[in-house]
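The block underneath contains the structure these notes are about, expressed in structure tokens.
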Amino acid sequence: MSVLIILFLTAVLVLFSGVFEKGKYARYIGIAGLIVGLYVSFLPECEFFDQYKSMYEYGNNAALFTKISVVVTLLLFFLGGFAFSNHRSHQSELYALMLFALCGGVVLFGFQNLVTLFLGIEILSIPLYVMAGADKTDLRSTEASMKYFLLGAFATGFLLFGVALVYGSAGSFDLYTIHDFAINNPKNLMLIMGAILMLCALAFKVSLAPFHMWSPDVYQGSPSLITAFMASVVKISGFFALFKLMTIAFNGIAGDWINILGVFIILTLLLANVMGLVQTNAKRMLAYSSVSHAGYIALIFFGINNFSTYILGYYLFAYSLATVGVFISLLWIEKIKKETSFTAFNGLGKREPVLAVVSTVSMLSMAGIPLTAGFIGKLGIFNQVIGGHYEFLVLIAVLGSALSIAYYLKLIIAMFFYKEENFHNTERASITYNIVSVVIILALVSMGIVPDLFAKIFGL
């Protein structure tokens with residue numbers, strides 16, 4: 001909880017820094033607060049907070065996913081100076097909202113109670129509804145905000161209805177009390193319906209099909225740095241919350257919801273990768289890529305073992321690094337050319353080779369090519385699923401991965417094999433963008449060659 005308090009106070013400072021020189025120092029305050037929060041996340045939790053363990057507990061798993069989320073948010077803050085240059089008048093609000101959303105994610109990492117789960121999801125979601133519509137000059141941004149808000153409110157209704165049914169059957173909001181009730185009453189219809197409704201609500205948050213329909217429009221319409229935050233930090237938070245809820249509270253009735261989740265995964269892997277093939281806009285393609293990765297990550301529920309949480313953390317970190325890596329190029333292209341079509345990336349390899357290389361390595365990692373972190377992450381999940389005797393799901397996932405290579409290659413080919421035609425702007429990528437790019441390249445390749453590096457980075 002110490003990290004949560006530090007991040008919250010940082011968000012408040014960042015928000016009020018907008019009073020001075022239009023928030024000129026907001027990003028630097030945010031970076032400083034995130035670094036302090038990351039340092040504290042490696043320290044033992046203060047005993048004072050033990051009294052709140054019935055609602056929130058900062059255990060080893062919560063610490064791991066908090067570290068991952070803070071690192072990814074820190075990378076995005078480093079990119080914010082250039083990305084938010086069109087939002088000078090309210091950039092402090094955008095940085096503050098990102099930090100408030102991160103606070104919601106940290107709450108989700110340690111929730112022990114359905115009330116805390118609901119609070120974490122709302123603290124995470126409400127800032128996103130605002131950030132999605134931050135670009136007041138673009139109607140697509142307004143559309144993204146409204147669509148995300150309306151569908152998000154609908155998903156919240158599912159969640160609350162599910163919580164009500166679970167409480168009505170188990171008589172408690174506590175995860176472990178619900179777990180014990182589920183073990184002793186595996187045929188309780190009200191509990192099963194509550195679990196399925198909550199599964200659907202969280203499937204919306206992580207964009208599993210058929211609850212993914214908001215993703216392409218919201219990802220495309222939102223400011224690109226916010227889209228990168230949604231595709232990384234929000235997905236980390238949502239998936240860990242889903243994993244913790246279903247494997248603790250509803251483990252006793254897994255037979256009633258696991259097949260439904262399997263249908264979601266099959267739909268996600270096939271639909272998202274097929275739709276990704278026909279896209280002509282890089283940002284929209286990345287939206288369907290994000291949806292497809294939700295399908296790969298959700299395979300973690302099949303064949304669960306003692307290493308599942310570690311594998312989930314590894315995959316989410318590798319995926320988030322790759323997402324930031326691709327968005328580095330997309331942010332620069334969008335600012336220079338005012339568009340994000342595939343043709344806008346023509347010649348990027350010659351103009352900005354470091355940015356083109358980090359995007360290439362990131363997309364190869366997303367596709368699961370060997371010697372990248374993404375390959376190790378997918379291999380870990382596939383091994384677990386095979387161990388649980390769900391080989392047919394692995395076959396579908398491999399097919400989806402093969403399809404994804406095609407649309408990633410379209411962007412790679414545009415960057416390196418097509419001549420640039422309309423780079424009229426002489427502005428070059430900043431040293432910050434190049435440094436972050438090199439860090440991501442080294443991380444993705446190093447973790448692909450030495451998988452144990454992940455454990456060493458996060459002190460496991």
Side-chain angles (χ1 to χ4, degrees), residues 1-4 44-66 104-124 156 158-203 205-206 236-258 260-261 298 300-313 384 388 460:
M1 193 173 285
S2 303
V3 181
L4 179 61
E45 181 65 300
C46 179
E47 292 181 2
F48 172 79
F49 299 115
D50 287 349
Q51 59 188 308
Y52 302 111
K53 279 188 175 180
S54 62
M55 297 290 286
Y56 178 89
E57 183 176 9
Y58 188 76
N60 292 333
N61 291 336
L64 171 61
F65 286 87
T66 297
V106 174
V107 170
L108 289 176
F109 299 142
F111 80 94
Q112 297 290 93
N113 187 290
L114 297 185
V115 175
T116 315
L117 168 67
F118 174 73
L119 289 174
I121 287 177
E122 292 308 296
I123 295 169
L124 175 71
T156 299
F158 271 65
L159 179 67
L160 284 176
F161 195 6
V163 169
L165 290 176
V166 171
Y167 180 76
S169 57
S172 175
F173 291 120
D174 182 75
L175 293 186
Y176 294 95
T177 303
I178 297 168
H179 169 81
D180 293 340
F181 181 85
I183 293 291
N184 296 321
N185 302 273
K187 300 300 180 182
N188 187 292
L189 184 59
M190 187 181 293
L191 180 69
I192 293 169
M193 290 301 298
I196 293 172
L197 284 171
M198 294 184 74
L199 171 64
C200 292
L202 290 171
K205 294 299 179 185
V206 299
I236 293 169
S237 306
F239 257 110
F240 184 75
L242 177 62
F243 181 79
K244 186 173 183 178
L245 177 69
M246 305 310 288
T247 56
I248 295 178
F250 303 127
N251 187 45
I253 54 171
D256 293 292
W257 56 262
I258 195 72
I260 296 173
L261 181 61
I300 199 76
F301 289 94
F302 294 84
I304 289 176
N305 55 44
N306 294 332
F307 297 101
S308 295
T309 305
Y310 178 85
I311 294 169
L312 178 64
Q384 176 181 299
L460 301 178

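Just one of Asn306, Ile304, Ile311 meets the side chain to side chain contact (heavy atoms under 4.5 Å, CB included) condition when paired with Ser308; it is Ile304.
A donor-acceptor pair under 3.5 Å is absent between the side-chain atoms of Asn185 and the main chain of Asn188, judged by distance alone. In this structure, Thr116 contributes its side chain and Gln112 its backbone to no donor-acceptor pair below 3.5 Å.
The two residues Ser237 and Gly105 make their nearest non-hydrogen contact at OG-CA, 3.3 Å. The shortest non-hydrogen separation linking Gln384 to Phe301 is NE2-N, 4.5 Å.
For the atom pair CG (Leu245) and CG (Leu117), the distance works out to 6.0 Å, reported to the nearest 0.5 Å. For the atom pair CD1 of Ile196 and CD1 of Ile260, the computed distance is 3.5 Å after rounding to the nearest 0.5 Å.
Within a 6.0 Å radius of CG in Asn60, no more than 12 heavy atoms belonging to other residues, nucleotides or ligands are found.
Pairs of residues two or more places apart, or lying in two chains, never qualify as ring-ring contact (aromatic ring centres under 6.0 Å, His included) while including a residue from residues 176-203.
Ring planes of Phe65 and Phe109: tilted class, angle from 30 to 60°.
With sequence neighbours left out, the side chain to side chain donor-acceptor pair (under 3.5 Å) criterion links Ser172 to no other residue.
Remark: the Ser2 side chain and the Glu45 side chain contain an N/O donor-acceptor pair separated by less than 3.5 Å.
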For this session: Might you work through the side chain to side chain contact (heavy atoms under 4.5 Å, CB included) test for Leu175 and Lys244, ending with a clear yes or no?
Result: CA-CA 9 Å; Leu175 293 186; Lys244 186 173 183 178; 4.2 Å; yes
